[in-house]
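Below is one structure, written out as structure tokens; the observations come after it.
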Amino acid sequence: MKQIRPYPKVIISKKAERSVRDGHPWIYGEEIRETEGEPQNGGLVDVFAGNAFLGTGFYNNNSKITVRLISRNANDVFDDRFWRRRVEYAIRYRKTVMPGGDFSCCRLIHGEADQMPGLTVDRYGSILSVQITCLGMELVKDTVYRALWDVLKEIGEDIAGIFERNDIALRTKEGLQEYKGWYRFDGIPLPESAVIEICENGIKYLVDVENGQKTGFFLDQKYNRAAVARIAKGKRVLDCFTHTGSFGLNAALGGAEHVTCVDISQQAIDMARENAIRNGLDGKMDFICEDVFDLLTRLAERKCKDFDFIILDPPAFTKSRNTVQAAARGYKEINLKAMKLLPRGGYLATCSCSHFMTDDLFREVLASAAKDASVSLRQIEARQQAPDHPILWNVPETGYLKFYIFQVV
């Protein structure tokens with residue numbers, strides 16, 4: 001007997017079918033050819049190509065991505081147990097790839113890479129910082145949050161509260177309101193503060209999950225910072241776009257002779273200085289509040305050779321395909337100037353955190369900068385985001401961070 005499905009149907013185009021069969025979970029509104037039943041925004045729909053069932057996903061016609069698949073199994077029942085299994089699977093994975101103390105400060109759920117679209121959950125010690133950018137996920141968040149709380153408690157992890165960082169403009173595209181604040185569990189008191197101390201790579205930071213960048217702190221560079229620390233001993237380091245000072249602090253802890261941290265934000269510089277003091281590293285570090293482009297230009301004009309290790313960790317220069325070429329020019333400019341500032345045999349750590357700046361394009365930019373600087377790049381390491389931010393090869397959007405360490409020769 002043919003199974004009767006309880007969900008409305010969407011029938012998709014051949015192009016979308018190829019994408020879904022290749023493993024991608026997104027279906028754009030323009031790719032939907034027909035609907036059967038009455039899909040509700042935030043509700044579930046079955047996806048078909050002709051008579052072939054392809055999966056079930058969240059529907060939202062307010063969004064350019066109209067359907068986000070959460071399952072390809074026709075036997076799945078989307079109850080509390082389903083979401084608990086998803087949470088358990090994500091947490092078991094982090095326990096494996098982020099062993100020891102690293103599990104206490106990591107990303108627990110990375111959206112589509114964990115088959116929970118639009119959901120980010122970062123752990124900072126006893127606080128979970130959560131961001132939701134998908135209407136369907138917003139509607140099941142009570143179930144997901146309870147599963148997170150219960151699963152972590154059951155494995156002996158002490159969680160004091162969940163803070164929602166839903167103050168992001170992307171939510172408006174889903175028809176969601178922007179807000180931030182503590183999620184309230186029945187009978188469970190709220191934490192007294194949204195500021196917590198974490199320890200990463202042996203370095204202590206104060207993280208403000210209410211007002212900090214993104215969900216409070218950038219966790220994806222954890223092991224890249226450790227890679228910098230491994231080669232920093234005895235070096236004179238220039239840490240550009242320092243933000244919280246994390247790369248510079250790792251370099252200082254790794255034995256750098258001296259570290260200079262630069263950021264255009266005075267607030268960031270103040271935070272980096274406080275972190276240096278917190279870790280007893282302020283005697284090895286100094287801090288400059290200046291635009292990095294201007295600083296590199298000024299140093300190049302006076303042929304400065306004060307640094308033999310330069311770190312470039314800029315914000316994303318592009319967040320759309322339309323501005324990729326302009327971004328490429330920006331990446332080339334900072335890398336070219338850094339290469340000219342370094343002595344032969346100096347070291348360069350450089351990265352891009354934009355998904356649209358592909359690895360191939362970023363490598364082209366670096367090669368072009370090296371050619372114009374009349375240097376060669378000896379690659380030491382090619383790295384990506386930490387494994388708590390997993391990359392699905394059939395979902396390119398889950399991979400975004402490119403990180404290289406070179407010797408300039």
Item checked: Charged N-O contact under 4.0 Å between R146 and D150 -> yes
Checklist line | Option passing side-chain contact (heavy atoms from CB on, under 4.5 Å) with M339 (candidates L348, I310, D372) | finding: L348
Notebook entry, point to check: So, R165 and E210, do they make that salt bridge, N to O below 4.0 Å?
Noted result: no
Item checked: Aromatic ring proximity Y183/F163, centre distance under 6.0 Å -> no
Next item on the list: Would you indicate whether K9, at its atom NZ, is surrounded by more than 12 heavy atoms from other residues, nucleotides or ligands within a distance under 6.0 Å?
Entry: yes
Next item on the list: Go through the steps for E274 and R278 under the test salt bridge (charged side-chain N to carboxylate O under 4.0 Å, His left out), then give the verdict.
Entry: CA-CA 6 Å; E274 289 174 11; R278 177 173 298 275; over 6 Å; no
Check: Does atom CZ of R184 have more than 12 heavy-atom neighbours, drawn from other residues, nucleotides or ligands, at distances under 6.0 Å?
Finding: no
Checklist line | Test applied, side-chain hydrogen bond (donor to acceptor under 3.5 Å, both in side chains); reference residue, Y223; option that passes from N201, D102, D388 | finding: D102
Note to self: What I want to find out is whether D360 reaches K402 closely enough, with some N-O distance under 4.0 Å, to be called a salt bridge.
What the structure shows: no
Checklist line | Pairing of E157 and K153 as salt bridge, 4.0 angstrom limit | finding: no
Checklist line | Partner set under side chain to side chain donor-acceptor pair (under 3.5 Å) for R84, not counting sequence neighbours | finding: E88, E154
Checklist line | R236 with D308: basic N within carboxylate O range, under 4.0 Å | finding: yes
Next item on the list: Using a strict cut-off of less than 4.0 Å between a Lys/Arg side-chain nitrogen and an Asp/Glu carboxylate oxygen, indicate whether R298 and E301 qualify as a salt bridge.
Entry: no
Notebook entry, point to check: Without hydrogens or angle criteria, can the side chains of S352 and Y400 be said to hold a donor-acceptor pair below 3.5 Å?
Noted result: no
Note to self: To check you understand the geometry: which heavy-atom pair defines the closest contact between S63 and R68, and what is its length?
What the structure shows: OG-NH2, 3.9 Å
Check: Judged by modelled atom types alone, do Y179 and E164 share a side-chain donor-acceptor pair under 3.5 Å?
Finding: yes
Check: When the ring planes of W149 and F185 are compared, do they come out parallel, tilted or perpendicular, using 30° and 60° as the limits?
Finding: tilted
Check: Taking the six-membered ring for Trp, are F293 and F241 parallel (under 30°), tilted (30 to 60°) or perpendicular (over 60°)?
Finding: perpendicular
Notebook entry, point to check: Salt bridge check: are E257 and K284 linked by an N-O gap of less than 4.0 Å?
Noted result: no
Next item on the list: State whether the number of non-hydrogen atoms from other residues, nucleotides or ligands found under 6.0 Å of K15 atom NZ is greater than 12.
Entry: no
Check: Is the distance between the ring centroids of F307 and F309 less than 6.0 Å?
Finding: no
Next item on the list: Please round to the nearest 0.5 Å and tell me the distance separating atom CG of L54 and atom OG of S19.
Entry: 10.5 Å
Notebook entry, point to check: Does the distance from a Lys or Arg side-chain N to an Asp or Glu carboxylate O, for E30 and K64, drop under 4.0 Å?
Noted result: no
Margin query: Whether R329 and E333 form a salt bridge (side-chain N of Lys/Arg under 4.0 Å from carboxylate O of Asp/Glu) is what I want to check.
Written below: no
Next item on the list: I would like to know whether F217 and Y205 meet ring-ring contact (aromatic ring centres under 6.0 Å, His included); could you show each step before the answer?
Entry: CA-CA 9 Å; F217 186 79; Y205 303 87; 4.9 Å; yes
Checklist line | Side-chain donor-acceptor pair present, K180, N211, cut-off under 3.5 Å | finding: yes
Note to self: Does E397 form a side-chain hydrogen bond (donor to acceptor under 3.5 Å, both in side chains) with W26? I'd like the steps, not just the answer.
What the structure shows: CA-CA 11 Å; E397 292 81 1; W26 293 351; over 6 Å; no
Next item on the list: Using the side-chain contact (heavy atoms from CB on, under 4.5 Å) rule, pick out the option among V67, L69, V47 that qualifies with P25.
Entry: L69
Next item on the list: Compute whether any side-chain donor of one residue and acceptor of the other, for T297 and D294, lie under 3.5 angstrom apart.
Entry: no
Next item on the list: List the steps and the verdict of salt bridge (charged side-chain N to carboxylate O under 4.0 Å, His left out) for E200 and R225.
Entry: CA-CA 10 Å; E200 180 193 88; R225 295 172 187 137; 2.7 Å; yes
Margin query: Side chains of N61 and T66 only: does a donor on one sit below 3.5 Å from an acceptor on the other?
Written below: no
Note to self: Taking R230 first and then E381, would you say they form a salt bridge - that is, a charged N and a carboxylate O separated by under 4.0 Å?
What the structure shows: yes
Checklist line | Ring centre gap for F362 and Y331 strictly below 6.0 Å | finding: yes
Item checked: Centroid-centroid distance, Y7 to F58, less than 6.0 Å -> no
